[in-house]
> 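This is the structure I have questions about; it appears just below.
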Amino acid sequence: MSTSTRLRDGLVDRLTEDGTLTDPEWRSAARAVPRELFAASYFAPVAGSVPTGYRPVHEGEPGWLERIYSDETLITQLDGRTRPDDVADGAVTGSPSSSSTLPSLVLRMWQQLGAEAGHQVLEIGTGTGYSTALGAHRLGDANLTSIEYDPSVGEAAAAALKAAGFAPRLIIGDGLRGAPGGGPYDRLIATCSVRYIPLPWLHQVKPGGKILVTLSGWSYANALALLDVTGVGEATGRFLPGYTSFMIARPHDRPPRPALALLPGEERPSRIDPAILDTWTGGWVAQLAAPAAERMGAGAEQILWDVSTGSQARTTPGPERGWTVVQRGPVRLWNLLERGVQRWQKAGEPHPEGFGITVTAARQRVWIGTADGPGWDLPV
Ligand SMILES: C[S@@+](CC[C@H](N)C(=O)[O-])C[C@H]1O[C@@H](n2cnc3c(N)ncnc32)[C@H](O)[C@@H]1O
């Protein structure tokens, strides 16, 4: 037995024992697809570095294959251009722009999607092609289409899929527009996140079909949603338990901003503890309440910057106790998210699985509890 097969079997066994891999068909896909064909070299984060430094790991170096089968995300591109093979040695910094998502998440999502034999499936975000290969193994090449935005990433994935013996339909383009001439699909799975559900998806996925996608935004909060398409251009669904995050779809990324100068403004006591924004769901609610804001800072010292108006809010510990907020600009960011957090607290601070989403051509709304519960419109 080769080292690769042994390590891969070990990963599959671990994912079976911990309850991630429950479906025998997906288990045999995971046993069959060698991940090293899709991430032959990758970046490893340098522990403790600020900002995070990334060291290239090249094929064959000590620990290379072990890391591939250790259930980690393998970053394969930074800043939309730098690949591990572009860096001889030493560490580089940058923002991850493509990766092979950790196998446990990829396999959990394929199972959550409920894709079955005979289904036509559209994947957004081919990346390295690893998740595409798993899908092609389970569903058959003829039933899977995958779209990648970045041409160099898409070309590398096409070569890797061919080397692994798969031939799904591959498209290089903007997956938020759906597949040119494609559909109708029974299922759509996205391995990049979006700020709102792209309407073309609701026209390409047939009524009765499902969409599995992570909703994210400019404050870096994420939640995974499973939607049922209920009619042409309409869908409704709920958020799933767990902590799933994905890099944002490139057309939904925030525009570049100037270096931030913190300026004086209107001051008052804060009605909420700013550190609540550091919790998974507190940060998610804040992003829903102020969707054009980017959040920086942490703990009692939060900084928010509104991408569209330049409005600012920042908090500090109060002079004796509590917290002070300073706001300036036309959008009172802290008022918005303070009100949002209070509504969420009043509802008992549910986790994302306590939230749902309703999408129509006119409006996309995320709600707590039931569709008529408190909620926020997404920035469509
Ligand atoms: C996390 S990676 C995908 C992981 C991949 N499924 C795998 O298993 O290797 C996200 C990918 O989505 C791609 N992407 C971003 N925006 C996109 C868009 N609008 N359409 C298609 N792909 C997009 C990125 O270039 C990146 O390669």
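In listed order, ligands and their atoms are each counted from 1.
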> For atom 22 (N) of ligand 1, what is the nearest protein heavy atom, given as residue, atom name and distance?
Y149 N, 3.2 Å
> Can you tell me which portion of T132 lies within the under-4.0 Å heavy-atom range of ligand 1? Options are side chain, backbone, both, or neither.
neither
> Once the angle between the rings of F355 and W376 is folded into 0 to 90°, is it parallel (under 30°), tilted (30 to 60°) or perpendicular (over 60°)?
parallel
> Taking only non-hydrogen atoms of A39, do any sit less than 4.0 angstrom from ligand 1?
no
> Considering only heavy atoms from C-beta outward, does the side chain of W284 approach that of L215 to under 4.5 Å?
yes
> Which of the atoms in ligand 1, numbered in the order shown and given with their element, are less than 4.0 Å from a heavy-atom of L176?
19 (N)
> Could you list the atoms of ligand 1 found under 4.0 angstrom from a heavy atom of G173?
20 (N), 21 (C)
> Any idea which protein heavy atom is nearest atom 10 (C) of ligand 1, and the distance to it?
T191 O, 3.3 Å
> Nearest protein heavy-atom contact for atom 6 (N) of ligand 1: which residue, which atom, what distance?
S131 OG, 2.7 Å
> Do L21 and R31 touch side chain to side chain, with heavy atoms closer than 4.5 Å?
no
> Could you find the nearest protein heavy atom to atom 2 (S) of ligand 1 and give me its residue, atom name and distance?
S99 O, 3.6 Å
> Among T128, D150, T82, find the residue that satisfies the side chain to side chain donor-acceptor pair (under 3.5 Å) test when tested with Q77.
D150
> Is the closest side-chain heavy-atom distance between V194 and T214 below 4.5 Å?
no
> Considering only non-hydrogen protein atoms, determine which one is nearest to atom 12 (O) of ligand 1 and report residue, atom name and distance to 0.1 Å.
G125 CA, 3.4 Å
> Are the side chains of W334 and S270 in touch, meaning some heavy atoms are under 4.5 Å apart?
yes
> Got the closest protein heavy atom to atom 9 (O) of ligand 1, with its distance?
T128 OG1, 2.6 Å
> Is the backbone of S311 close enough, under 3.5 Å, to the side chain of R332 for a donor and an acceptor to pair up by distance?
no
> Taking atom types as modelled, find out whether S131 and W110 have a side-chain donor-acceptor pair closer than 3.5 angstrom.
no
> Would you mind running through ligand 1 and noting each atom that sits below 4.0 Å from a heavy atom of T126?
5 (C), 6 (N), 7 (C), 9 (O)
> Do any nitrogen or oxygen atoms of G175 come within less than 3.5 Å of a nitrogen or oxygen of ligand 1?
yes
> Under 4.0 Å from any heavy atom of P251, which atoms of ligand 1 are there?
19 (N)
> So do the side chains of F38 and L161 get within less than 4.5 Å of each other, counting heavy atoms only?
yes
> Answer with side chain, backbone, both or neither: which part of S97 has a heavy atom less than 4.0 angstrom from an atom of ligand 1?
backbone
> How far is atom 16 (N) of ligand 1 from its nearest protein heavy atom, and which residue and atom name does that atom have?
R250 N, 3.0 Å
> Would you please indicate yes or no on a ring centroid separation below 6.0 angstrom for H351 and F239?
no
> Could you tell me whether R81 and D86 make a salt bridge, using a distance below 4.0 angstrom between a side-chain N and a carboxylate O?
no
> Just need the protein heavy atom nearest to atom 24 (C) of ligand 1, so name the residue and atom and give the distance.
E148 OE2, 3.5 Å
> May I ask you to list the atoms of ligand 1 that are less than 4.0 angstrom from any heavy atom of A249?
15 (C), 16 (N)
